[in-house]
Colleague: 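Could you have a look at this structure, given as structure tokens, before my questions?
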Number of protein chains: 2
Amino acid sequence: MTRIESARQGRITDEMRDVARAENLAADDIRRLLAEGKLVIPKNRKRGFAPTGIGEGLKTKVNANIGTSQSRCDMAQELRKLDTAVQAGADAVMDLSTGPGRSDMLHAVLKHSPVMVGTVPLYNAAAGYLEAGRDCAEITSDDIFRAIEDQAASGVDFVTVHCGITRHSLSVLEGCGRLMGMVSRGGSLTAEWIRKNERENPLYEEFDRLIEIARAYDMTLSLGDGLRPGTIFDAEDRAQVTELIILGELTLRAVSAGVQVMVEGPGHVPLSMIANDIRQQKRFCDGAPYYVLGPLPTDIAAGHDHIAGAVGGAIAAAAGADFLCYVTPAEHLSLPGIDDVREGVIASKIAAHIGDLEKNIAGARTRDRLMTEARGRFDWEAMFGQAIDPEKARRLHDRADHPGADPDACSMCGDLCALKTWERAVSGKQSP
Amino acid sequence: MTRIESARQGRITDEMRDVARAENLAADDIRRLLAEGKLVIPKNRKRGFAPTGIGEGLKTKVNANIGTSQSRCDMAQELRKLDTAVQAGADAVMDLSTGPGRSDMLHAVLKHSPVMVGTVPLYNAAAGYLEAGRDCAEITSDDIFRAIEDQAASGVDFVTVHCGITRHSLSVLEGCGRLMGMVSRGGSLTAEWIRKNERENPLYEEFDRLIEIARAYDMTLSLGDGLRPGTIFDAEDRAQVTELIILGELTLRAVSAGVQVMVEGPGHVPLSMIANDIRQQKRFCDGAPYYVLGPLPTDIAAGHDHIAGAVGGAIAAAAGADFLCYVTPAEHLSLPGIDDVREGVIASKIAAHIGDLEKNIAGARTRDRLMTEARGRFDWEAMFGQAIDPEKARRLHDRADHPGADPDACSMCGDLCALKTWERAVSGKQSP
């Protein structure tokens, strides 16, 4: 029986209880939302770890992508990124490895990760074909499902599957006059396959086969957005929305069949379109969890796309997005390094928290309240404790040694501290 | 005659022409908006530099605060920060020095800065009293106006004056039950003065004296928000809005008297309140330029407040804020270092640009369009050229040397580049 089926039968599983405890919510609410497809707990039957929920009423979660590429393939380094991401607060990692030794890498990640692990199985199939010098259009339907089944059997908790790239959505794309065409790797591989083979996308045509694999392992499907915009000028066009409508239909089918589903979203989106994108996904997909990449409200922040992504992510989360895929400073430029991973996770955590304040998620405001109170009483340890990044907050404060000055104050204002002055104004005490 | 008076008489000055050229707008539109008080060109009669406009229809501008404190007083370091800020794209700097040698520091900044310079004259008066071991409540009205006049005579382009801290606004504050009281240095000093002396704020009571000084030097007044919230829980309360109403009345008086005025805004503001704050300022202040600090939509981003500030700043700018005061990673922790200054300016520039895209400011979309086109043709030099931070974009890309791989692609995707795959999908070419 899958987790959704248990939930529908009114049975609260250990995972639901764990998530309820972590979120400070009632277990039966978790069960109900899971039964309705509004919340997922991505956890493969084969893996053991403290599960995390994603969806309505829960804290916004953050994913960090790691993994080798063909030109940069250092497994130890990628595992260090995993540690860094988790330590910085990532709730999930996706292993997007496309370099040699992908399978070993995934097994190491699954063994090592204390958080849910996702993959894009098509990358594995495509990288294998490229390594063998073969055209990716020769990939067979069986190759694709075998890659998914292999990864499911390895214990992967959620897989991105680009089911919404179809002959129909590609025909809509043709008339859109996009500046960037397709920027999704899985999406463009699928598009190439459909065009060269003049056949329908196997992940769409044989969606029931996908459902069966997902059921067997209680693996969550993350319906990929192959038609996500790669520039703000392509955002929210007919192609993107056509794909989202297809993903909504598939969500309904999968959830009805007892399979947990998330839906993926953009990408590059102008600021004022972000909230509407979120509302549309929730409408089309009957409230299924929404997993967004960014969104980036400008194209020119290269080197600092984590900041542009935090802007978009905060607005998205506030509007109802449930899961943010991090964007690192290296986005659009290179495979991220360790520091980039850290910066990317922290930026997404800030965005997620800003969203949680707006969604009034249990416990979110408490942290800001405790920080405020700590500031009011100059309790630096308590401030570091509430900070999203205690380590950096402490480092920036402690570098500022100022012998002889008020130990309460910071080096920014010294004696001219507004809080101290205000204290004097209220108490009538003398200036120092 | 002041710049506003020239504008009202239909005379287009060199400054208006320079601003029109820089913004790619008609000089007569600049003149009209300036006459209406909807735009300022902060430039003291005594200074010569290429002027910049702030206000309606113009690109959102960014200010960087520099300056010594009592506990960290290294003038050379602060001048390096000035260079760093300007190089990163700051449109203005405020010298907030409170350490010894403040006057020399300000003269050096005024001499050195190629951009407009602002100050908070009250800091100078208060720091002097503290150095002399005297109570700040003993500062006289003449001391305050002398500090303003001295700085105006030195060539300061705009001054922050906390005119909205009055007996009335302080009485409203009393009933607000704030968690953080006052977090504005100038505001709290003024509050202390009012309370201990049981007299009205000289900058409010003798506002005409301020107008006369500003007229004499054509110095822009920046009406400070002493009652800005220091935590999201204090945002938009009766005290904050009472002060804003007073600032609106004073704006009208100053503009009528031919003096350019900006109004300052928060601070710590929940995400969903930011746009309303901007609209309210524009309504109360008859469209006068709005200069905001942050805003920060969460209190727990210490160490990364530049990111929280970029989120708030982008939304503020999109809603009509004209001028963003940067927030650095060191905010709430210590006086910023050189790297913090750079990060702070860049984060604010990203926010400003996202706002400009929404406000449809002339030229803003063009940059994203050129970046998009450069990405489409793998033109890395052109991408670096369009990036808000070309230096970092280049550094992150160039570290990723990947011998033998496609020189077009980046090390993130290598051969599995979505754009390359999509090209093949469209052209029907073979996989590499």
Side-chain angles (χ1 to χ4, degrees), chain A residues 69-72 98 130 135-136 179 181-185 188-189 191-192 195 231 271 297-303 307 310-311 314 318 330 333-335 347 350 353-354 358 367-368 371-372 386-389 392-393 396-397 400 402 405 410-412 414-416 418 421-422 424-425 430-431, chain B residues 69-72 98 130 135-136 179 181-185 188-189 191-192 195 231 271 297-303 307 310-311 314 318 330 333-335 347 350 353-354 358 367-368 371-372 386-389 392-393 396-397 400 402 405 410-412 414-416 418 421-422 424-425 430-431:
Chain A
S69 70
Q70 292 148 301
S71 54
R72 287 181 83 85
T98 56
L130 286 179
D135 193 313
C136 288
L179 292 183
M182 289 179 75
V183 297
S184 152
R185 281 191 282 178
S188 61
L189 284 165
E192 183 187 19
R195 290 213 171 194
T231 161
L271 197 77
T298 173
D299 297 319
I300 66 168
I307 295 179
V311 174
L333 297 168
S334 60
L335 205 64
I350 292 170
H353 179 72
I354 293 171
E358 289 299 321
R367 290 188 66 183
D368 291 65
M371 174 65 97
T372 297
Q386 290 306 324
I388 285 176
D389 184 357
K392 191 176 178 197
L396 290 186
H397 178 261
H402 39 107
C410 81
S411 65
M412 196 160 187
D415 286 345
L416 269 174
T421 307
W422 176 241
R424 287 199 309 272
Q430 287 283 105
S431 293
Chain B
S69 71
Q70 291 148 301
S71 55
R72 289 181 79 84
T98 56
L130 286 180
D135 193 314
C136 288
L179 293 183
M182 290 179 75
V183 296
S184 152
R185 280 191 282 179
S188 61
L189 284 165
E192 184 188 19
R195 289 211 171 196
T231 161
L271 197 76
T298 174
D299 297 319
I300 66 167
I307 294 179
V311 173
L333 297 167
S334 61
L335 205 65
I350 291 171
H353 180 71
I354 292 171
E358 289 300 320
R367 290 188 66 183
D368 292 66
M371 175 64 96
T372 296
Q386 290 307 323
I388 285 175
D389 184 357
K392 190 175 178 197
L396 289 185
H397 178 261
H402 40 107
C410 80
S411 65
M412 196 161 187
D415 285 347
L416 268 174
T421 307
W422 175 242
R424 288 199 309 272
Q430 288 283 107
S431 293

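Residue numbering restarts at 1 for every chain, and letters A, B, ... go by the order of the sequence lines.
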Colleague: Looking at chain B, which one of A:I307, A:I350, A:D299 has the largest number of heavy-atom pairs inside 4.5 Å, strictly under?
Modeller: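 Winner by heavy-atom pair count: A:D299.
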Colleague: For chain A, which of B:H353, B:Q386, B:R367, B:M182 has the most heavy-atom pairs under 4.5 Å?
Modeller: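 Between B:H353, B:Q386, B:R367, B:M182, the count favours B:M182.
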Colleague: At what distance, to the nearest 0.5 angstrom, does OG of B:S69 lie from CG of A:L416?
Modeller: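 Between B:S69 OG and A:L416 CG, I get 9.5 Å after rounding to 0.5 Å.
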Colleague: Step by step, would you call A:D368 with B:T298 a side-chain contact (heavy atoms from CB on, under 4.5 Å)?
Modeller: CA-CA 7 Å; A:D368 291 65; B:T298 174; 2.8 Å; yes
Colleague: For a quick test of reading the model, state the closest non-hydrogen atom pair linking B:A310 to A:V311 and the distance between them.
Modeller: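 Shortest heavy-atom contact: O-CG2, 3.6 Å.
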Colleague: Which heavy atom in A:T421 sits nearest to a heavy atom in B:E192, and how many Å separate them?
Modeller: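 What the structure gives for the nearest pair is CG2-OE1, 3.4 Å.
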Colleague: Can you name the nearest heavy-atom pair linking A:Q430 to B:D135, along with the distance?
Modeller: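 Closest approach of A:Q430 to B:D135: OE1-OD2, 2.9 Å.
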Colleague: B:L271, B:T231, B:D389: which one forms the most heavy-atom pairs within less than 4.5 Å of chain A?
Modeller: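 Heavy-atom pairs under 4.5 Å are most numerous for B:L271.
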Colleague: Would you mind telling me which of A:T98, A:V183, A:I388 has the largest number of heavy-atom pairs within less than 4.5 Å of chain B?
Modeller: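 Option with the greatest count: A:I388.
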Colleague: Could you grab the distance from atom CG of A:L179 to atom OG1 of B:T372, nearest 0.5 Å is fine?
Modeller: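 One finds 6.0 Å between CG of A:L179 and OG1 of B:T372.
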Colleague: Restricting to non-hydrogen atoms, name the atom on A:A302 and the atom on B:A393 that form the minimum distance, rounded to 0.1 Å.
Modeller: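 What the structure gives for the nearest pair is O-CB, 3.8 Å.
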Colleague: Shorter than 4.5 Å, heavy atoms on both sides: which option in B:S188, B:G181, B:A191 has the most such pairs with chain A?
Modeller: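 Option with the greatest count: B:S188.
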Colleague: Taking B:R185, B:R195, B:M371, B:Q70 one by one, which has the highest count of heavy-atom pairs under 4.5 Å against chain A?
Modeller: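 Result: the option with the highest number of such pairs is B:R185.
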Colleague: Taking B:S334 for its side chain and A:L396 for its backbone only, find out whether a donor-acceptor pair lies under 3.5 Å.
Modeller: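 Side chain of B:S334 to backbone of A:L396, a donor-acceptor pair under 3.5 Å: yes, one is there.
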